[in-house]
Amino acid sequence: MNIHQHLHPLDFGVVVLYLLLLVGIGAYISFRQKKSCERDYFLAGGSLRWYSIGLTMWGTNVGPSMLIASCAVGYTTGIVAGNFSWYAFIFIGLLALVFAPHYKNTGVSTLPEFMGQRFNATTREMLAWYSLVTILISWLGLTLYAGGLLVSQIMAWPLWASVSALMLLATFFAVAGGLEAIAITNVFQMILLIVASSVLVIAGLNKLGGIDRLLTELPADYGRLFLPADNPDYPWVAIILGYPVLGIWFWCTDQSMVQSVLGAKNLEQGQLGTNLTGWLKIIDVPLFILPGMIAYLLYPTLADPNEAYMTLVTDLLPVGMVGLIMAVLIAALVSTIDSALNSLSTVFTMDIYARRFRPDAPPQRLVVVGRTVVVAGAVGAILIALGLDQIKGMDLFSLFQAILGYLAPPMAAVFLLGVTWKRMTTPAANIGLVVGSVVSLAVGVMQLRNWPDPAFWPHFLLVSFFLFAFIMLLMVVVSLATPSDKKSDFPTLTQSYAALNYVPSRRVLWLWGALSVFMFSLYFIFN
């Protein structure tokens, strides 16, 4: 589908005006406010409030690949992919009530720094390099590739030009303003995303003649969150067991997601912000998956389900509004990429450069290094995106989810056991990271290459769960076999709350309780 042929000059004008407005907002924030130290640049000076945190975390999680791929999944299987959004509330809550107090109590800038305090400098450096590779491949390379394909369709540009233009825009915010500029512009971008996507859903329902057709004409399984255990795409057993591994890693230990919480004004603001993220994840289904179900009824003969989203946009929306949707997609891309660039910069500067090479570096020098890393990371991401274009035979959504499934187990296991079990020792953490990473990578390569045989492998989410269980067991055995070290005095959750002189406020507890009740109700309704 050549999107370019369906666009009117007014649509291009809307895109250009939006981008100019976005750059103007970023420039105002970046150059009118002085950055006094590296914490201001990397963590917004600890000034972020709940609404900014919530929208930034959600915006970092939302990208064009999610919009288009979720719509395609809705077209082919219905609401089942909503588990990747709705099931997340448990692990976002885990971040808010278990991990965040520890992070804020220790005053760290990065998660490798946190684990370095829990164990030792070797652990910190290993996690830093692991995080850099993860951010560069999963957050930057894959996201940029997906966005480059979309912009190539919209603008009729070659892929190299599309990914370069996107990266140039995202790099502007990450270099000039750091996390504060990213967070504030994300508020603007995500509100626009919600409004524009809602307009598309309403237009689709009007075209259908009402919601009744959805309730009566869709296949019965399209309305179920849990499919049979023998379902080849989304068996309920794989989701129940495997998604928690991805959820712990993604929401609780990934620098790109947790960065906003580290920059919170205080712990309560961080907990309220993550709660907002949990509520926002609810609308992923009606905004991103429901359009695919609508497209299934309106265009049942689409040759490629990945065309469902853009078919709806170009067929249902008027001139100008199509351009707004294009602008929204670009906004989501920029939101994800610039947040990842900032996280990449933070981890390298604080965990590798400042610790290993220049422990006495002044704040101004750290900011310069951080900005240099952003530029280097941008170039690397462009090369990775162009390299991914050479991979054939697997759709982007499947590739992305599979890679996450193999990256998650080591980080999820080390963080979860390290935070919740005081007896865990430093040798156990380091062995778990090394052995777990090697085994996970080897298993991932074999399964993606279908060796020794495709029938040999269970669902990739189950593979992720088995890897996680293996690494956890390995670390428990090593911990019990090695003497407790001095890091065993690492604070418990109660001690972290006491050190912060903090008791969860009634509104924090009430809002998380309300979200939990609402989510369990949704799972009851859709099963």
Side-chain angles (χ1 to χ4, degrees), residues 38 41-43 60 103 108-145 167 170-171 174-175 178-179 182 246 249-260 262-263 336-359 361 366-388 400 403-415 429-430 432-434 436-438 440-441 444:
E38 79 279 1
Y41 178 78
F42 295 116
L43 296 179
T60 302
Y103 295 156
V108 297
S109 298
T110 68
L111 300 187
E113 179 187 359
F114 172 79
M115 293 306 281
Q117 292 187 17
R118 173 64 175 90
F119 298 111
N120 65 9
T122 301
T123 311
R124 177 176 181 176
E125 187 160 344
M126 291 169 60
L127 281 171
W129 286 110
Y130 190 92
S131 298
L132 289 175
V133 172
T134 300
I135 294 169
L136 195 59
I137 294 176
S138 63
W139 282 107
L140 290 172
L142 285 170
T143 301
L144 188 62
Y145 175 52
M167 185 55 77
T171 303
V175 169
L179 183 60
I182 292 169
L246 276 71
W249 168 69
F250 187 83
W251 293 107
C252 301
T253 74
D254 185 82
Q255 183 73 25
S256 297
M257 294 308 303
V258 180
Q259 184 100 341
S260 298
L262 298 180
T336 301
I337 295 171
D338 59 18
S339 295
L341 282 173
N342 185 262
S343 297
L344 184 81
S345 169
T346 304
V347 171
F348 181 87
T349 304
M350 306 305 291
D351 289 305
I352 297 176
Y353 178 80
R355 192 189 67 82
R356 175 172 286 275
F357 299 106
R358 287 286 304 276
L366 295 181
V367 171
V368 170
V369 171
R371 287 170 171 163
T372 303
V373 172
V374 166
V375 175
V379 174
I382 291 174
L383 296 177
I384 291 173
L386 296 177
L388 289 172
F400 185 77
I403 289 175
L404 294 186
Y406 306 126
L407 289 174
M411 288 280 279
V414 170
F415 269 82
N430 294 341
L433 282 172
V434 173
S437 298
V438 171
S440 296
L441 178 62

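- Within the 4.5 Å cutoff, side-chain heavy atoms of Leu127 are placed close to those of Phe415.
- Not one N or O on the side chain of Ser345 forms a donor-acceptor pair closer than 3.5 Å with the backbone of Leu341.
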task: Check the pair Tyr103, Phe114 against ring pair (Phe, Tyr, Trp, His ring centres under 6.0 Å), reporting the backbone distance first and the verdict last.
output: CA-CA 7 Å; Tyr103 295 156; Phe114 172 79; 4.8 Å; yes
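- When all heavy atoms of Met411 and Trp249 are compared, the closest pair comes out as CB-CD1, 3.3 Å.
- Atom OG of Ser131 and atom CG of Leu407 lie 10.5 Å apart (nearest 0.5 Å).
- The shortest heavy-atom contact between Asn430 and Met126 is O-CE, 3.6 Å.
- Counting heavy atoms from C-beta on, the side chains of Pro410 and Tyr130 come closer than 4.5 Å.
- If you take CG on Leu404 and OG1 on Thr134, they are separated by 9.5 Å, rounding to the nearest 0.5 Å.
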query: side chain to side chain contact (heavy atoms under 4.5 Å, CB included) between Leu144 and Ile382: does it pass, once the steps are laid out?
result: CA-CA 7 Å; Leu144 188 62; Ile382 291 174; 3.9 Å; yes
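- In this structure the side chain of Val374 never reaches within 4.5 angstrom of the side chain of Leu344, judged on heavy atoms.
- When all heavy atoms of Ala381 and Leu140 are compared, the closest pair comes out as CB-CB, 3.6 Å.
- In this structure, the side chains of Leu132 and Ile352 come closer than 4.5 Å at one or more pairs of heavy atoms.
- Trp129 and Phe348 make their closest contact through CH2-CE1, 4.4 Å (heavy atoms, listed as atom of the first residue, atom of the second, distance).
- Taking both residues in full, the closest heavy atoms of Phe250 and Met257 are given as O-CG, 3.2 Å, listed atom of the first, atom of the second, then distance.
- Remark: the backbone N or O of Val368 is paired with a side-chain donor or acceptor of Thr372 at under 3.5 angstrom.
- Contact annotation: the side chain of Tyr145 never approaches that of Leu386 to less than 4.5 Å [non-hydrogen atoms, C-beta and beyond].
- In this view, Ser437 satisfies the side chain to side chain donor-acceptor pair (under 3.5 Å) rule with no residue, not counting sequence neighbours.
- Closest non-hydrogen pair, Leu262 versus Leu111, comes out as CD1-CD2, 4.4 Å.
- Side chains of Arg124 and Glu113 form a contact here, defined as non-hydrogen atoms less than 4.5 Å apart.
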